[in-house]
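Data block below; observations after.
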Amino acid sequence: MNTAHWLMERCGVPQAVVGDIVEEAVRRSSLWRWKQVAWAVWRALLSDATSHPVILIRGIAIGWFLLLPVSQAVLEWVWRAVNLRWILFVVHIGLRQHLNPLTGLLRTLLAVPLWIAVGWLVRRASASPTPAAVATVIGLMWAMAVPSYAHLVFNTIQHRRFLPYAIVNGISLAVVSASLLTGALWSSRTYATQ
Amino acid sequence: MSREALGNFELMVLLAILRVGEDAYGVPIARELEASSGKDVLLGSVYAALDRLEAKGLVSSRVGDPTPERGGRAKKYCKVTAKGLREIRETQRTLVRLWRGLPELHGGTA
């Protein structure tokens, strides 16, 4: 129950709802508990987004137009320092034919601290009891990534050589989303909601 | 009937509050709904309906004392207001009028 507690507290689920789930979870299954937790978190995000649209839009705008481009610029700066050494390393270990997908994977992993920072800052910027702004930024990213990813998956079905790219892109999308969300949950304060 | 008609779930929540009585908060309301409908009820949905009903002035709420079995969190007790009771009666009358004289709804076969 600790993880469920933590998640609900961090997502701004009202205290009365958390208390009811805690009270009732004793006599119910863990499936019941997680269904309740998922729905309570979703309701908290939705209610926050609909009741404070301006705050939400401010958080999204700061994340999308300021923090994401800045983090990309920082990543490029870091990447210039490691690029050549990375290529030599991949050639040295005999994986030259997989250089591009491996490079994509390394860039994603290097960017993890940046994504966490972006998630943290977006939530702080939206000053909201829930991570609704970050969840919306993640939703926007998925909406923009899915068409090209679907195209890549379609190409992979026809030509197996695209498989490493499809795997790496899928991992990247999941890692970026998880990092943003981690930053957002880490950034939260607990709010005394009723 | 008022301009903001009661939703099906909202009406069910109002009736569940009345059935539970003084001690109506999320858990007993959800249990009452589950017992009546035979379906799992999400506590988040009950609270969303309660928020809407409170905004319409059909339900009033008060916060109880924190209890240890709830991890120190307080219960939110709910009560149907006079306006809520009027709305329930009005909805009942409307539904009964609509029900009357429909042969499709008699006999229990679809």
Side-chain angles (χ1 to χ4, degrees), chain A residues 1-53 55-56 128-132 135-136 185 188-194, chain B residues 4 7 9-10 12-14 16-17 19-57 59-80:
Chain A
M1 194 67 195
N2 284 344
T3 316
H5 266 177
W6 180 84
L7 191 63
M8 287 191 287
E9 297 274 358
R10 295 271 158 164
C11 289
V13 174
Q15 290 292 301
V17 182
V18 178
D20 280 5
I21 293 173
V22 170
E23 184 186 329
E24 192 66 353
V26 180
R27 51 186 286 273
R28 305 279 193 146
S29 67
S30 65
L31 177 68
W32 177 91
R33 183 210 310 154
W34 281 106
K35 241 165 67 179
Q36 299 286 338
V37 170
W39 188 249
V41 167
W42 166 247
R43 287 295 323 174
L45 295 181
L46 196 66
S47 150
D48 187 34
T50 49
S51 53
H52 307 107
I55 292 172
L56 181 76
S128 158
T130 76
T136 313
L185 293 175
S188 72
R189 305 179 186 99
T190 47
Y191 289 79
T193 44
Q194 282 184 1
Chain B
E4 278 185 285
F9 191 67
E10 288 172 0
M12 285 167 73
V13 169
L14 280 173
I17 295 171
R19 294 180 81 88
V20 174
E22 287 292 301
D23 224 17
Y25 67 97
V27 171
I29 295 171
R31 281 186 194 160
E32 191 64 45
L33 291 170
E34 281 181 350
S36 309
S37 66
K39 290 175 191 164
D40 259 0
V41 172
L42 293 160
L43 285 160
S45 302
V46 172
Y47 276 93
L50 285 172
D51 286 345
R52 288 195 300 272
L53 291 168
E54 209 168 351
K56 290 177 190 174
V59 160
S60 63
S61 70
R62 67 178 170 86
V63 178
D65 293 325
T67 54
E69 74 271 14
R70 297 167 57 83
R73 290 167 188 89
K75 291 173 186 171
K76 188 180 174 185
Y77 291 104
C78 305
K79 199 175 149 191
V80 179

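Chain letters run A, B, ... following the sequence lines, proteins first, then strands; residues in each count from 1.
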Would you please name every residue forming a side chain to side chain donor-acceptor pair (under 3.5 Å) with [X], sequence neighbours left out?
X     : value
B:D23 : none
A:E23 : B:Y25, B:R70
B:R31 : A:E24

Checking salt bridge (charged side-chain N to carboxylate O under 4.0 Å, His left out) for the pair A:R43/B:D51: CA distance, chi angles, key distance, verdict? CA-CA 12 Å; A:R43 287 295 323 174; B:D51 286 345; over 6 Å; no
Check each atom of A:W42 against the heavy atoms of chain B and say whether the ones under 4.5 Å are side chain, backbone, both or neither.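 Contact with chain B involves no heavy atom of A:W42 at all.
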Among side-chain atoms of B:S61 and B:E54, is any donor-acceptor pair under 3.5 angstrom?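 On atom types as modelled, these side chains qualify, holding a pair under 3.5 Å.
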Could you walk me through whether B:V63 and B:Y77 pass the side chain to side chain contact (heavy atoms under 4.5 Å, CB included) check? CA-CA 6 Å; B:V63 178; B:Y77 291 104; over 6 Å; no
Considering heavy atoms only, which positions within residues 38-46 of chain B lie below 4.5 Å of chain A?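 Heavy-atom contacts from residues 38-46 of chain B to chain A are B:D40, B:V41, B:L42, B:L43, B:G44, B:S45.
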